[in-house]
Asker: 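Next up is a structure, given as structure tokens.
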2 protein chains.
Amino acid sequence: MNDDIDTRYLETLLGYNTRRASLTIISRFMERMAVFELRPVDFSVLSLIGHNPGITSRQLCSVLNILPPNLVGFLKAFEKRQLIERKPHPTDGRAVGLFLTESGSALMREAEATAEVSDLSTATNLTATERKTLTRLLQKIYLPN
Amino acid sequence: MNDDIDTRYLETLLGYNTRRASLTIISRFMERMAVFELRPVDFSVLSLIGHNPGITSRQLCSVLNILPPNLVGFLKAFEKRQLIERKPHPTDGRAVGLFLTESGSALMREAEATAEVSDLSTATNLTATERKTLTRLLQKIYLPN
DNA sequence: TATTGTTATACTCTATAACTATA
DNA sequence: TATAGTTATAGAGTATAACAATA
């Protein structure tokens with residue numbers, strides 16, 4: 001039906017290609033994470049908490065480019081699901097340290113294993129070497145050097 | 001401030017890397033397109049119309065993954081800015097063919113040149129070969145084969 | 001005076017239901 | 001009966017202003 005539409009110009013642009021690939025990867029990721037009731041942003045937040053016990057809201061926001069008011073609701077929901085707990089920060093009375101609970105850790109062990117399966121199944125057309133190359137080139141764009 | 005946050009796990013995931021790169025590229029793109037008053041989606045739509053004179057709304061929606069109700073406003077705005085014009089479809093009385101006006105074409109010539117500058121300046125850390133490799137690998141993910 | 005976390009709220013983007021005109 | 005284009009509207013995501021508590 002749209003086979004006669006010429007998309008060759010857009011396909012030369014980095015932004016178009018990256019966004020299209022991003023949408024494909026994320027939609028597959030969402031399907032697989034649905035069983036855990038985790039959206040991509042939930043996964044990122046919980047994974048960072050798991051790998052950085054005691055991390056603060058402010059740090060999460062800064063790393064993930066989330067605005068503080070928008071994180072509040074996420075954390076509230078995680079607490080209600082008993083996936084995280086908050087403990088007073090040892091030195092800063094304003095801040096609160098975030099930790100995964102036992103069940104939060106268990107969930108994230110499964111979710112992270114699933115994320116790797118999702119990656120592999122989304123990039124079936126890529127060899128292991130190509131996946132590593134792709135990762136390296138993407139990081140050259142968004143990581144400072 | 002966040003130098004002590006460990007993001008190594010997330011940086012192994014394809015979705016995370018692609019999304020982060022996508023956000024970087026798109027934010028640079030937006031800065032450069034601001035002078036033309038074009039958002040990324042405006043650029044994509046107008047570029048497709050330019051390269052496919054007579055394309056219909058339905059085809060645009062299908063190619064760009066836009067839902068028909070959301071395209072209506074864009075086209076209305078383009079028409080008001082006299083960037084596009086609509087002509088009756090030659091064979092299908094329901095459909096409307098879309099075309100760039102003279103000033104629409106002129107704007108897009110500048111905008112497309114700017115898009116290429118944006119690409120090059122965003123990927124300064126990549127060689128020409130690396131850019132081609134990156135494009136090829138991204139297309140292996142989102143294009144059917 | 002600046003920062004952490006929060007509330008309330010506005011704005012933008014995306015999605016759904018239903019309609020009309022034509023095929 | 002199905003499709004192109006449209007309207008109205010709902011929902012999700014993102015952004016801004018302002019506040020209390022602590023530094």
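Within every chain, numbering begins at 1; the chains are lettered A, B, ... in the order of the sequence lines, protein sequences first and strands thereafter.
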Asker: Does CD in A:Glu116 sit with more than 12 non-hydrogen atoms of other residues, nucleotides or ligands closer than 6.0 Å?
Answerer: yes

Asker: Tell me whether B:Leu134 shares a hydrophobic cluster with A:Leu13, the cluster being built from Ile, Leu, Val, Met, Phe, Trp, Tyr side chains joined at under 4.5 Å.
Answerer: no

Asker: Between atom CG in A:Leu64 and atom P in D:dT14, what is the gap in whole Å?
Answerer: 12 Å

Asker: In whole angstrom, give the distance that lies between atom CG of A:Leu67 and atom P of C:dT4.
Answerer: 14 Å

Asker: Of the nucleotides C:dG5, D:dG5, D:dT14, which has the atom closest to the A:Ala95 side chain?
Answerer: C:dG5

Asker: Going by number, which of residues 69-83 of chain B have a non-hydrogen atom under 4.0 Å from DNA chain D?
Answerer: B:Pro69, B:Val72, B:Lys76

Asker: Which whole-number value in Å describes the distance from B:His89 NE2 to D:dT3 P?
Answerer: 16 Å

Asker: Treating Ile, Leu, Val, Met, Phe, Trp and Tyr as nodes and any side-chain heavy-atom pair under 4.5 angstrom as an edge, say whether A:Leu10 and B:Ile66 lie in one connected cluster.
Answerer: yes

Asker: Taking only side-chain nitrogens and oxygens of B:Arg94, does any of them come within less than 4.0 Å of OP1 or OP2 of D:dA4?
Answerer: no

Asker: For A:Leu75 and A:Ile84, work out which heavy atoms get closest and say how close.
Answerer: O-CD1, 3.8 Å

Asker: Answer yes or no: does a side-chain N or O of B:Arg86 lie under 4.0 Å from OP1 or OP2 of D:dA4?
Answerer: no

Asker: Please report, rounded to the nearest Å, how far the C1' atom of D:dG5 is from the CD1 atom of B:Ile66.
Answerer: 15 Å

Asker: Looking at B:Arg39, does any N or O in its side chain come under 4.0 Å of the phosphate oxygens OP1/OP2 on C:dC13?
Answerer: yes

Asker: Does any part of the side chain of A:Ile55, heavy atoms only, come nearer than 4.5 Å to the side chain of B:Ile5, both counted from C-beta?
Answerer: yes

Asker: Tell me the interatomic distance from B:Arg19, atom CZ, to D:dT14, atom C1', rounded to whole angstroms.
Answerer: 11 Å

Asker: Round to a whole Å and report the spacing from CG of A:Leu98 to C1' of C:dG5.
Answerer: 11 Å

Asker: Considering only residues two or more places apart or on different chains, which pairs with a residue in residues 66-85 of chain A satisfy salt bridge (charged side-chain N to carboxylate O under 4.0 Å, His left out)?
Answerer: A:Glu79-A:Arg86

Asker: Measure the distance from CG on B:Asn65 to C1' on C:dC13 and round it to the nearest whole Å.
Answerer: 14 Å

Asker: Nearest to the side chain of A:Val96, which nucleotide is it out of C:dT6, D:dG5, C:dG5?
Answerer: C:dG5

Asker: According to a hydrophobic-cluster definition based on side-chain heavy atoms being under 4.5 Å apart (Ile, Leu, Val, Met, Phe, Trp, Tyr only), do B:Phe74 and B:Phe36 belong together?
Answerer: yes

